[in-house]
Chemist: 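Have a look at the structure that comes next, please.
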Amino acid sequence: MMYDFLVDLFGNSALANIIAGTIQSLLPLFVFILPFALFAVYLERKVSAHMQDRLGPMRTGWHGWKQTIADILKLIQKEDIVAKDNDRLLFNLAPIIVFAGSYAAFAAIPFTSIFIGTEVDLGIFYIIAVTGIVVAGILMAGWASNNKYSLLGSMRSVAQIISYEIPTILVALSLVMISGSMNLHTLSEQQTGYAWNWYIFGGPGSELSKFLLIPSMLVGFLIIYISTLAEVNRTPFDIPEAESELVSGYHTEYSGMKFAMFFLAEYANMFAVSAIVVALFLGGYQSPIGYLGDLIGAKWMIPIEQFSWFTIKGVFFVFVQMWLRWTLPRLRVDQLMAVSWKYLIPIAFVNLIIIGLITLL
Amino acid sequence: MKQAEEILQILKANFPDSNLELKTDQPTEPILVASPLEIDKLSMFLRDSSELLFDSLMNLSGVDEIKANLLSVYYHLESTKLKHKITLKVSTDRNKPEVSTVTEVWKGADWHEREAYDLFGIIFLNHPDLRRILMPYDWDAGYPLRKDYENPEFYQGMKVPY
Amino acid sequence: MSQESSLNTKSSAIRTEEMVLNMGPQHPSTHGVLRLELALEGEIITNVIPHIGYLHRCFEKHCEAMTYPQIVPYTDRMDYLAPMGNEFGYAIAMEKLLGIQVPERVDYIRVIMAELQRISSHLVALGTYGADIGAFTPFLYCFRDREKILSLFEMTCGARLLYNYIWVGGLSHDLHPDFVRKTREFIKEFRPNLKEVNDLLSHNRIFIDRTANVGILPVDTAINYGVSGPNLRGSGIKWDVRKEDPYSVYHKFDYDIPVGEGKYGTVGDSWDRYYVRVLEMEESCKIVEQALDQLPEGDVQSAIPKRIKPPIGHVYSRVENPRGDLGYFIISDGSTSPYRVKVRAPSFVSMQIMNELCKGYMVADVVTILGSIDIVLGEIDR
């Protein structure tokens with residue numbers, strides 16, 4: 001949609017295709033991810049501060065809203081330190097790969113019914129696959145840093161992300177079974193109407209099977225939320241960073257902009273996984289209460305409303321992630337594996353079978 | 001609960017050859033003076049004898065008695081079961097300061113003895129790991145808590161009295 | 001397959017190697033400048049060698065050049081989380097050597113200060129323990145309450161961290177007229193806050209999983225090592241200098257000595273050591289309340305000697321500091337400065353059990369165990 005528009009704008013040529021592609025791929029970065037990361041860092045500070053009986057940044061601007069901008073400026077100016085024994089190539093490449101991995105996931109996330117980076121039919125599959133690249137980046141960072149803490153952190157991280165991908169995939173699979181589609185756009189479209197059409201409440205329709213699905217869907221929702229939490233290394237699963245044990249894990253040796261890349265990737269990832277959870281279970285960009293645009297007959301308003309709903313839902317789950325981070329202690333590495341392999345995966349399997357049987361009805 | 005006199009009698013009965021002496025001319029607790037090379041056997045007895053049961057070493061401190069040309073070690077013992085206490089003292093020649101270790105008896109003595117070695121240069125015979133503890137491992141200017149200690153001019157090329 | 005390649009497969013069985021990890025001296029969870037040399041098999045600990053001395057400030061050597069009253073501010077700097085306790089211990093030892101009887105008001109104020117200090121020190125222990133395990137929020141809740149105690153101290157003697165308040169034979173200042181009221185207010189506010197910390201941290205499932213059955217210290221080993229204070233009581237023995245060897249006016253108060261019970265695991269595990277501290281804060285509140293009720297009138301400086309010149313001799317005296325049994329061994333040669341001062345620092349002794357406790361656990365547990373022992377490097381290195 002948007003791509004065609006841009007191609008027309010630049011005169012239909014090969015060059016126009018490239019320009020249009022570049023613009024479209026950079027759009028989410030500058031319109032959404034960077035502002036979101038800035039906002040999320042600010043939110044994190046304020047949320048943690050208010051949970052801890054303090055105020056957080058207060059001096060730069062009104063309630064410190066300029067604080068993250070100042071931080072980014074500081075990070076840009078910082079000296080980029082590469083130690084003598086670091087593996088230069090991998091060391092420089094790692095933050096880019098990590099960021100690219102989490103950024104690429106945004107391509108298939110449907111923000112509204114009219115804007116979606118690329119509407120791939122294998123949306124869920126694509127996102128899960130592409131976020132897997134992050135693992136390689138983290139391992140590279142840990143290895144290239146030539147630091148034992150970094151190495152331990154990256155090893156833990158890899159083990160953790162791979163383990164927790166399994167329950168995520170199993171739950172996503174159960175949704176694919178119900179909806180019959182891997183396309184996130186289609187999935188969101190199916191959950192149109194009101195909140196009870198969301199998959200967390202059994203999906204659209206009003207047959208018996210919908211009501212039978214509700215408990216399984218709630219279980220599936222919890223599993224996917226817990227495992228995505230682990231995939232983005234947030235508390236209680238932040239053992240790869242574990243600042244009290246491993247100093248700060250795989251990015252111990254990074255400074256300046258490269259550190260900022262990891263930081264940006266972390267916050268982008270937080271939103272990406274929340275977006276997946278929202279798209280799968282909570283109606284994606286669909287409004288739970290109908291659209292104002294429909295009511296007053298202004299069709300052009302609907303995408304804006306959809307975008308707002310999507311962002312609100314996503315940010316809500318980002319907030320929950322922060323909430324958990326500032327409340328819970330962290331697990332030990334073996335306990336973390338136990339949670340995944342002994343609890344989440346078997347439950348997800350059983351859940352998958354139950355959902356399969358219900359859909360057969 | 002036993003007084004120092006009774007403890008001395010018990011020890012004398014069990015170690016007839018030892019040179020034990022009770023100094024009571026102190027303003028506070030009396031001190032039991034023992035010989036430095038027998039202190040490990042004595043301690044083992046103090047810990048294990050059912051009448052004494054000194055299961056805890058409260059403190060172990062080295063002291064430099066420069067006027068008498070001696071280095072001494074004070075042991076403050078306590079029994080958590082029988083609730084009595086005793087202070088032991090051993091003195092050794094300043095030029096060849098050797099004392100038997102009590103780490104076998106009370107494991108907590110390990111670091112205390114290392115500290116006494118570090119700061120006074122008292123050699124604890126058979127100590128499992130007699131290294132410096134508070135000072136740098138490569139400190140070679142002597143033992144700082146000795147009364148005749150003087151700061152070295154340089155340490156690792158750095159000026160010491162800066 | 002040729003002879004050579006079959007040999008090759010044999011020898012190419014994965015070669016593993018012990019990794020040595022230096023934790024510290026600059027590390028977020030070593031509670032100061034401690035260096036732990038960890039030998040690791042994967043993430044499993046095979047050996048721990050603590051290296052101390054980075055904060056060695058020659059307290060004992062300094063003392064030999066100071067007069068007796070000049071030593072008081074130096075004692076503050078040992079266990080910098082509980083300076084009142086350090087001063088208290090020094091004052092008790094010196095009074096024993098000099099044979100001074102202090103006015104009753106002085107004793108009561110000292111006990112109040114020491115118990116408030118115990119609460120504040122345990123709050124730091126709790127908060128940092130939570131932070132070690134990854135829960136950062138309780139840390140700030142604890143520090144909020146600690147600040148209130150420090151304000152009470154500031155009101156009394158003008159300093160928030162290093163007080164120079166308890167002198168040999170007396171105190172530097174009498175209480176501020178508002179002190180009693182504000183302390184009562186503090187205790188009233190503090191009790192619900194303590195419950196909040198308990199709900200947030202102590203009984204949190206993840207916290208229990210991390211600390212229960214980790215770093216179990218049997219009571220015999222603890223006594224053999226000379227471990228004292230909450231670490232010893234966590235192993236399930238009711239041993240407290242305040243009860244066993246009463247000093248000052250502690251015998252006049254009614255309070256309990258909490259011990260570890262192995263509520264979520266084995267007796268003597270990290271959770272027990274932690275929880276003993278939580279319970280002790282409540283007992284300290286009780287003592288402070290009783291002391292405030294009975295606080296007598298009097299002059300706090302009447303017994304301060306003009307010139308301290310103790311008789312030739314030695315004294316060993318100890319008090320129950322927040323970290324355990326703090327002993328002062330002072331030898332006097334009859335002059336105005338001591339011949340020798342040795343401090344038996346509770347953390348110095350407790351630190352030795354690290355190797356015993358950590359073997360076979362994981363890297364993350366080293367932090368758990370170290371936090372549960374609650375060391376202060378200022379006191380270890382002196």
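Every chain is numbered from 1 and lettered A, B, ... according to where its sequence line falls, protein lines coming before strand lines.
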Chemist: With a 4.5 angstrom heavy-atom cut-off, could you sort out which part of C/Asn204 is near chain A: side chain, backbone, both or neither?
Modeler: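 The answer is the side chain of C/Asn204.
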Chemist: Let me know if C/Arg210 has heavy atoms under 4.5 Å from chain A in its side chain, its backbone, both or neither.
Modeler: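 Both parts, heavy atoms under 4.5 Å.
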Chemist: Enter the distance from A/Gln52:CD to C/Phe143:CZ here, rounded to the nearest 0.5 Å.
Modeler: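 That separation rounds to 12.0 Å.
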Chemist: Which atoms of C/Tyr141 come close to chain A, meaning under 4.5 Å heavy atom to heavy atom: side chain ones, backbone ones, both, or neither?
Modeler: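 Looking at C/Tyr141, just its side chain touches chain A.
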Chemist: Could you give me the CA-CA distance, side-chain angles and deciding distance for A/Thr327 and C/Leu200, then say whether side-chain contact (heavy atoms from CB on, under 4.5 Å) is met?
Modeler: CA-CA 7 Å; A/Thr327 309; C/Leu200 190 59; 3.9 Å; yes
Chemist: With a 4.5 Å cut-off on side-chain heavy atoms, are A/Leu152 and C/Leu21 touching?
Modeler: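 Of all side-chain heavy-atom pairs linking A/Leu152 with C/Leu21, at least one is under 4.5 Å.
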Chemist: Any residues in residues 369-378 of chain C near chain A, with a heavy-atom distance under 4.5 Å, and which are they?
Modeler: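 Checking residues 369-378 of chain C against chain A gives no residue, so none.
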Chemist: I'd like to verify something: which residue of C/Leu201, C/Asn22, C/Asp365 has the highest number of heavy-atom pairs under 4.5 Å with chain A?
Modeler: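 The candidate making the most pairs under 4.5 Å is C/Asp365.
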Chemist: Is there a side-chain contact (heavy atoms from CB on, under 4.5 Å) between A/Tyr149 and C/Met23? Walk through the geometry before answering.
Modeler: CA-CA 9 Å; A/Tyr149 289 113; C/Met23 205 176 214; 3.6 Å; yes
Chemist: State the NZ-CG distance between A/Lys148 and C/Leu40, to the nearest 0.5 angstrom.
Modeler: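 Between atom NZ of A/Lys148 and atom CG of C/Leu40 there are 8.5 Å.
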Chemist: Top residue by heavy-atom pair count (under 4.5 Å) with chain A, among C/Thr137, C/Val20, C/Leu140?
Modeler: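 Result: the option with the highest number of such pairs is C/Thr137.
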Chemist: Among A/Arg332, A/Arg54, A/Met155, which has the most heavy-atom pairs under 4.5 Å with chain C?
Modeler: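 Most heavy-atom pairs under 4.5 Å with chain C: A/Arg332.
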Chemist: Quick check: under 4.5 Å, non-hydrogen atoms only, which of residues 333-350 of chain A neighbour chain C?
Modeler: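 Heavy-atom contacts from residues 333-350 of chain A to chain C are A/Val333, A/Asp334, A/Gln335.
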Chemist: Looking at C/Glu261, I'd like to know if its CD atom is crowded, meaning that more than 12 non-hydrogen atoms belonging to other residues, nucleotides or ligands lie closer than 6.0 Å.
Modeler: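 Result for CD/C/Glu261: open.
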